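Scope of the values below: all heavy atoms of this structure, side chains included, with no hydrogens, waters or symmetry mates. Quantities reported herein were computed from a predicted structural model and do not represent experimental measurements.
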Amino acid sequence: MKHLRLALFGLAVSSTLIASNAFAEEASSGTGVQVGLRLGYALPMGESVKDSKMSDGLKSAIPIQVDVGYRVIPALVIGGFFSYAPLQLKDGDQGCPSGADCSNSQLRFGVQAHYHLMPTEKFDPWLGAGIGYELVNSKATKGSVESSFSYGGFEFLNLQAGADYKVMPKLGIGPYLSFALGQYSKSSAKLSGTGVADYDRSADIDSDKKAMHQWLTIGVRGAFDL
């Protein structure tokens with residue numbers, strides 16, 4: 001009986017090692033396309049323009065982001081991203097005017113790279129960085145009057161950190177945190193409707209009015225190696 005227990009234990013250990021090696025071999029299959037999907041919650045910080053805080057009118061954002069990259073080596077993925085986020089505004093003059101129907105969104109797109117610390121393991125922490133462009137659109141309708149406003153500018157740096165737990169050799173799911181630093185350089189405004197003077201203008205933001213703003217995002221990410 002003792003020898004049988006030892007044999008069964010040895011068989012269990014061997015099976016575990018074989019499964020672990022098979023997982024590692026499949027997970028580290030080398031190069032290939034990786035597709036990711038993120039859902040997050042973002043807080044605005046800094047100023048949209050000088051003396052105008054982002055948090056004066058904005059509460060938060062709910063970004064949905066698609067990542068597409070190429071794993072050039074098992075540890076390094078290089079590619080691009082596209083993000084869409086509904087924006088939650090505060091009530092009031094700098095948010096959504098009383099009685100108005102408001103629609104607000106943020107678009108971000110750019111390039112990024114992720115470095116995976118343990119690409120062949122089930123738990124795989126990673127670090128990332130990227131650059132891109134950000135566009136914020138705001139629209140309000142009250143009666144027959146419609147107004148819209150937008151800001152656009154470069155995202156100079158986006159620092160990221162996260163961890164993938166591989167539920168399958170090619171599928172990882174886990175939390176992520178990102179911090180983006182940008183500056184708006186262009187603005188546009190439009191007003192139309194009954195009883196108002198219509199206008200439609202766009203312009204570069206004066207250099208002495210430019211300011212830095214940030215987005216702090218926490219969320220969950222899934223990534224699949226094709």
Q) Is the Lys NZ or Arg CZ of Arg221 less than 6.0 Å from the centre of Trp126's six-membered ring, within 45° of the axis? A)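 Yes - Arg221 lies over the ring of Trp126, closer than 6.0 Å to its centre and within 45° of its axis.
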Are [X] and [Y] close enough that some pair of their side-chain heavy atoms sits under 4.5 Å apart?
X	Y	answer
Ile131	Asn158	no
Ser48	His213	no
Gln65	Arg108	yes

Q: Please check if the side chain of Asp204 supplies one atom and the backbone of Lys186 the other of a donor-acceptor pair under 3.5 Å.
A: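 No, Asp204 side chain to Lys186 backbone: no donor-acceptor pair under 3.5 Å.
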Q. Under 3.5 Å, is there a donor-acceptor pair between the side chain of Asp56 and the main chain of Lys53?
A.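 Confirmed, Asp56 side chain pairs with Lys53 backbone.
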Q: Might you confirm whether atom CZ of Phe224 has over 12 heavy atoms from other residues, nucleotides or ligands at distances under 6.0 Å?
A: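 Yes, the 6.0 Å shell around CZ holds more than 12 heavy atoms from other groups.
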(Q) Please check if the number of heavy atoms outside Lys210 that lie under 6.0 Å from its NZ is greater than 12. (A)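 Count over threshold, so yes.
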Tell me whether [Y] is reachable from [X] by hopping between hydrophobic residues (I, L, V, M, F, W, Y) whose side-chain heavy atoms are closer than 4.5 Å.
X	Y	result
Leu107	Ile64	no
Val220	Met168	yes
Phe109	Val68	no
Leu177	Leu127	no
Leu157	Tyr133	no

Q) ring pair (Phe, Tyr, Trp, His ring centres under 6.0 Å): which pairs involve residues 43-89, sequence neighbours left out? A)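 For residues 43-89: none.
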Q.
Please list all pairs meeting ring pair (Phe, Tyr, Trp, His ring centres under 6.0 Å) that have one or both residues in residues 191-210, counting only residues at least two apart or in different chains.
A.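 For residues 191-210, and leaving out neighbouring residues, there are no ring pair (Phe, Tyr, Trp, His ring centres under 6.0 Å) pairs at all.
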Q. Roughly how far apart are Asp164 CG and Lys122 NZ, rounded to 0.5 Å?
A.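 It is 13.5 Å, given to the nearest 0.5 Å.
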Q | Those residues that, when tested against Ser192, pass side chain to side chain contact (heavy atoms under 4.5 Å, CB included) (two or more places apart) | A |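 If we apply the side chain to side chain contact (heavy atoms under 4.5 Å, CB included) test to Ser192, skipping adjacent residues, the hits are Glu146, Asp198.
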Q: For Tyr151, enumerate each residue passing the ring pair (Phe, Tyr, Trp, His ring centres under 6.0 Å) test, keeping only those at least two apart in sequence or located in another chain.
A: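 Applying ring pair (Phe, Tyr, Trp, His ring centres under 6.0 Å) to Tyr151 gives Phe149, Tyr184.
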**Q.** For Phe123, ring pair (Phe, Tyr, Trp, His ring centres under 6.0 Å) partners two or more places apart
**A.**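 Once residues adjacent in sequence are excluded, Phe123 has no partner under the ring pair (Phe, Tyr, Trp, His ring centres under 6.0 Å) criterion.
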Return a table of donor-acceptor pairs under 3.5 angstrom between the side chains of residues 37-46 and protein atoms on other chains or two or more places apart.
residue : atom : partner : partner atom : Å
Arg38   : NE   : Asp67   : OD2          : 2.8
Arg38   : NH1  : Gln160  : OE1          : 3.2
Arg38   : NH2  : Asp67   : OD2          : 3.2
Arg38   : NH2  : His114  : NE2          : 3.3
Arg38   : NH2  : Gln160  : OE1          : 2.7

**Q.** Heavy-atom pair with the smallest gap, counting every atom of Ala211 and Gln183
**A.**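 Looks like O-CG, 3.2 Å.
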Q) Would Ser60 and Gln88 count as a side-chain hydrogen bond (donor to acceptor under 3.5 Å, both in side chains) if you check the C-alpha gap in whole Å, the side-chain angles of each, and the deciding distance to 0.1 Å? A) CA-CA 5 Å; Ser60 60; Gln88 288 71 53; 3.0 Å; yes
Q) Under 3.5 Å, is there a donor-acceptor pair linking the side chains of Glu155 and Trp215? A)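 No.
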Q | Ion pair Arg71/Asp225, N-O distance below 4.0 Å | A |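 Yes, Arg71 and Asp225 are salt-bridged.
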